[in-house]
Visitor: 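Here it is, the structure, as structure tokens.
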Amino acid sequence: MSLEQFKDRNVGTQEYRHIQASTSPKTPMEKFTQVVKRTFSKELFVGLKVVFTQMAKGPKTWHTVKYPQEKLPIGPRYRAIHKLLKLLESGNERCIGCGLCEKICIADCIRMDTRYDENQRKEVTEYSINLGRCIFCGYCAEVCPELAIVHGPRFENASEQRAHFVIKDDMLTPVDALKHQKEFPGFGALSDDADKKVKKTPLAY
Amino acid sequence: MVKFYLDGKEVTANKGETILQAARRNGSYIPTMCYLSKVKPIESCRICVVEVEGTEGFVLSCSTPVVEGIKVHTNSQKLFQHRSDIMKMYNVNHPLECGVCDKSGECDLQNKTLEFGVDSQEFSAKDMHRPVEDWGFIKYDPALCIMCEKCVSTCNEIVGEGSLQVKLGGYGSQIEFTGDDCGNCGECMAVCPVGALVSENFKYETNAWELQKVPAVCAHCSSGCELFYETKHAGAFTANEEKIYRVSNDFEYKSLCGVGRFGYDVTQRGGKDEKEFDAALSMLRKADAIRFNSRISNEEAKILQTLKERFGYKLLNGEAYAMQRFLKAFGSTSGERYYNGTLEDVKNSDFIAVIGTKVADDNPMVKFHMNMASKNRKARISYLHPIEDASIQNLVTQNIRYEVGTEEGVVALLVASLLKGNDLPSSVKDYFEELDIGNLSAESNVGEEELERLERALVRKNAKTLIVGSDLYTHGRAENMAKLLGLVQKYGDFKIVMIPSGTNTLGVANICELDASAEGTVVGYNAPGDYVIGMDGQLSTPPLPQQEGTLTTIDKRVVPTNAAIPFEGYTLNDLANALGLDAAHTIDYTVQLPKKAGYKAVEFDRLLEEYRPYSPEQNGYLLQNGAESVAMDLEEIAELPEYNGTVVYNCDPAGQMGALSAKSKNLCADDALLGSQQFAVAAKIKDGDTVRFEINGEKFVKVFKIDTSLKGVVAMNPLFSKGLSGDMLCSDYRFHKVNINVESGHNE
């Protein structure tokens, strides 16, 4: 793809379509005339006709989304509130506690606590994202080597308490919802041809 | 000086310098994986090879000395290929767990893999099961180990434990822990270039890049080792609360003992308790004396001294008082204010005599330096002490066991031997001739043939060191012993090193005019008293790791230390200001340290460490050694006292250093009374008995354990668990005759 069209900064010579705007009333008399004209012309009934026709046809043809009961699907690259995924097979947390998200976070809103657990593994004991500070840049999801932290589709940040969003358990896939957990296709995910890019190590055995 | 060519440039090398050292000094980079400046070249990585014109093949730069006129090339396509092949080998089956590895971010393997652009692997080997091993404080993961052998060399050449060895087995080679003597110093862990050795309390706690390094000086003993407190916020949900996660140091050149490395969790959180502050103030207003220990900075000592000058307090600090008197008496014959040796001198000696200290426990750094002398200079080491120390038997060439309490006689005999053949003035010569050697030898149990052997060991030695410990300072006849030792400094070609008993004992002895005793109300500062300020006290003040100030070390060096983490409460300076002194910060007193004791009027902020490439940093400044008026008033050796029956020796084990380190949860030394089988018989107790005894009114209830490495009827009594009152016992002679009562038997 050529970058020519982006490099052309000569604004005004492109093919723009100019719209002729109607003139607005100036004197009080002109304004009054406009109000009277609009009130008694048929414009009101044009709108009402549409409403009554739809009402008569019934809900099957309605296009209204009943937010917040209904929501439109959101694009996979949309960066809303983070989710922490689990391993599909074992149900263990994917996060290995490497701390890269904490390091890369430019808003400095991620903090985690890790420890040496009984199984001699690194365990993440606390994980918090301060959504009051988060700028939803997506770096954490991009840097995560385990695809453990991703951006989910939940974009409503309204709550009585900010703390409602920053606790690990709220972001983590619940055990019963594990079978519904989908592989994340968005930011930071492996590309479709990732397998082809892997270099193999020779094995002598 | 040797001239040679480095990458076409003519440079000079010092005599005996290796190609690597000369190249580094001249700013040429040669990569290494196994080279460690403080030990002999290990030669296991083969990555430091260079090309020398006229020589076939590659030359190992780390171990090849420079020869006049050679033409060295440190970089070529062939060398790069060779080096990157080695890096590929290192990466064969190296677990891809950088994500969780504690070394990630400061890992030599990571850095060099990146440097040589190793992004594919042509080599392979069948992987094998290598389980993680538990080495006490430290976990060893053989799968991560690259077999550079730095740990083994450090353990042998620096620490002197020899607890590690290489288990050869081709691809299955690994480091083997032989265990028993390990003093948990963590030196192996510090030098490990990868994540194979990690301490249990740091493993998986945080990442290297998150930690902030605070340069400081160890608060536990008088060696004043430089270290870094590595700090970070204390947890995910804590605001403004810092925590020390680990201690690191300049491991290329310096070392730390276990207490310094792991005893960092002694910090406190403080708040401004105004009521308690007023209470402390009113106590101070009516107090007659201030008792304090030596775990304070020079500046705090100066504050106390200023308070004394202004308000007439008596200052009580038994151990520093003993040291002060000892140094004064020492100066009256040596003509100099201070002893003339440093740890560096110990390291470079070929003859070392040690008297009056259980050195491996009292000051591990002195022991490390003795070991370096033993390994590098083949030093002969004579160890004079009533208790043979099994932990340094591999260094000591001669053990001289004397009777408890006879130190004065032993010092006289030792000094006579050390000065034999030296040109002495007639008065001194007469003094030694009049010594009743036969009697002293019989009383102290130091055989004349033992002294002869010591004298023979002295022949043809040119770097001789005498190490003196706190058994002598606190002895009833300390001053005469100091005078005798002064003669060694004046007339002998000896370096003398005196081990200050506490962290800043030397500093306190220099700065404060101490009193022998006091009556009336006593306020304790980190010490027992009618009202206690500081550690374990009613008003808490920052412990040494949370203070900035300077310390005076065993090397007579004034070193700056910084506060690892903030302390929100009151300091001694606040109290002094409320009493009427005027200084915004404690460190304002740094310039006021007494010039007549050799301190320089340098501001604290100008004392920062100086780092130069490929050399250890220079910290602070050395005290000026001043002249003292000489008065040769040697006294007759007094009647040597006898200590019969059961005697205990107040001595913390190597894993503990008094009341401050006792607060650390990382350190876990045994608090038991340790004695030999012979002691058990004499005291009529058995292994595992709970015994009760009393020293200077201080009651002890302890479990008795038999230590088969001990001999004789002296038992080791650790004081650290006693806290502040244990510290106070350090101002007394360390041997005590006690009555041991069995409290409860060991039920089997």
Side-chain angles (χ1 to χ4, degrees), chain A residues 84 87 92-105 108-133 140 143-149 161-163 165-172 197-205, chain B residues 88-89 91-105 110 118-128 130-134 137-141 143-144 171 195 198-211 232-241 243 245-246:
Chain A
L84 290 172
L87 289 170
N92 290 336
E93 288 172 31
R94 284 190 186 180
C95 178
I96 55 169
C98 68
L100 289 181
C101 48
E102 193 180 6
K103 174 70 181 165
I104 205 166
C105 181
D108 198 14
C109 66
I110 302 182
R111 267 198 187 181
M112 61 200 295
D113 249 8
T114 55
R115 70 178 191 109
Y116 184 54
D117 79 355
E118 298 76 26
N119 307 318
Q120 301 188 336
R121 295 178 72 87
K122 193 171 188 174
E123 186 193 36
V124 182
T125 50
E126 301 287 358
Y127 191 97
S128 83
I129 301 177
N130 183 351
L131 293 187
R133 273 175 173 269
C140 50
V143 79
C144 181
E146 301 290 318
L147 282 181
I149 184 167
Q161 302 241 333
R162 284 180 192 174
F165 295 118
V166 300
I167 296 163
K168 183 184 166 198
D169 290 342
D170 295 342
M171 295 184 281
L172 201 59
K197 290 178 180 164
V198 174
K199 273 189 197 167
K200 284 184 181 152
T201 303
L203 293 173
Y205 50 95
Chain B
K88 280 182 189 170
M89 305 271 210
N91 283 315
V92 170
N93 292 340
H94 190 89
L96 262 179
E97 55 178 58
C98 297
V100 295
C101 183
D102 287 301
K103 204 69 182 180
S104 184
Q110 245 180 6
V118 179
D119 60 354
S120 60
Q121 180 66 276
E122 289 125 46
F123 307 110
S124 72
K126 183 165 178 164
D127 208 353
M128 47 207 286
R130 298 169 201 252
V132 176
E133 288 174 21
D134 191 348
F137 275 176
I138 291 163
K139 298 264 180 286
Y140 172 61
D141 189 344
L144 291 169
Y171 181 63
V198 180
S199 75
E200 194 171 21
N201 48 34
F202 182 68
K203 197 167 173 97
Y204 296 159
E205 286 284 320
T206 181
N207 295 304
W209 57 77
E210 293 177 74
L211 296 166
K232 196 186 87 167
H233 53 78
F237 294 121
T238 53
N240 308 324
E241 195 174 323
K243 186 180 137 185
Y245 277 79
R246 66 169 169 184

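Everything numeric in this text was worked out from a predicted model, so none of it was measured.
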Visitor: Which answer fits B/Val132, side chain, backbone, both or neither, if we ask what part of it has an atom under 4.5 Å from a heavy atom of chain A?
Guide: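 Contact with chain A is through the side chain of B/Val132 alone.
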
Visitor: Under a 4.5 Å heavy-atom cut-off, does chain A meet the side chain of B/Phe202, its backbone, both or neither?
Guide: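 No part of B/Phe202 comes within 4.5 Å of chain A.
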
Visitor: Under the salt bridge (Lys or Arg N to Asp or Glu O under 4.0 Å) criterion, do A/Lys122 and B/Glu97 qualify, and how do the steps go?
Guide: CA-CA 11 Å; A/Lys122 193 171 188 174; B/Glu97 55 178 58; over 6 Å; no

Visitor: For B/Lys139 and B/Asp134: C-alpha separation, side-chain torsions, deciding distance, then whether salt bridge (Lys or Arg N to Asp or Glu O under 4.0 Å) applies.
Guide: CA-CA 5 Å; B/Lys139 298 264 180 286; B/Asp134 191 348; 3.4 Å; yes

Visitor: Measure distances from A/Gln120 to the heavy atoms of chain B and classify the residue's part below 4.5 Å as side chain, backbone, both or neither.
Guide: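 A/Gln120 touches chain B through backbone and side-chain heavy atoms alike.
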
Visitor: Any donor-acceptor pair under 3.5 Å linking the side chain of B/Gln121 with the backbone of B/Phe123?
Guide: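 Yes.
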
Visitor: Using non-hydrogen atoms and a 4.5 Å limit, figure out which bit of B/Ser104 sits close to chain A: side chain, backbone, both or neither.
Guide: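 It is neither, since no heavy atom gets under 4.5 Å.
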
Visitor: Closest heavy-atom contact between B/Tyr171 and B/Arg130?
Guide: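 Nearest heavy atoms, B/Tyr171 then B/Arg130: O-NH2, 3.0 Å.
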
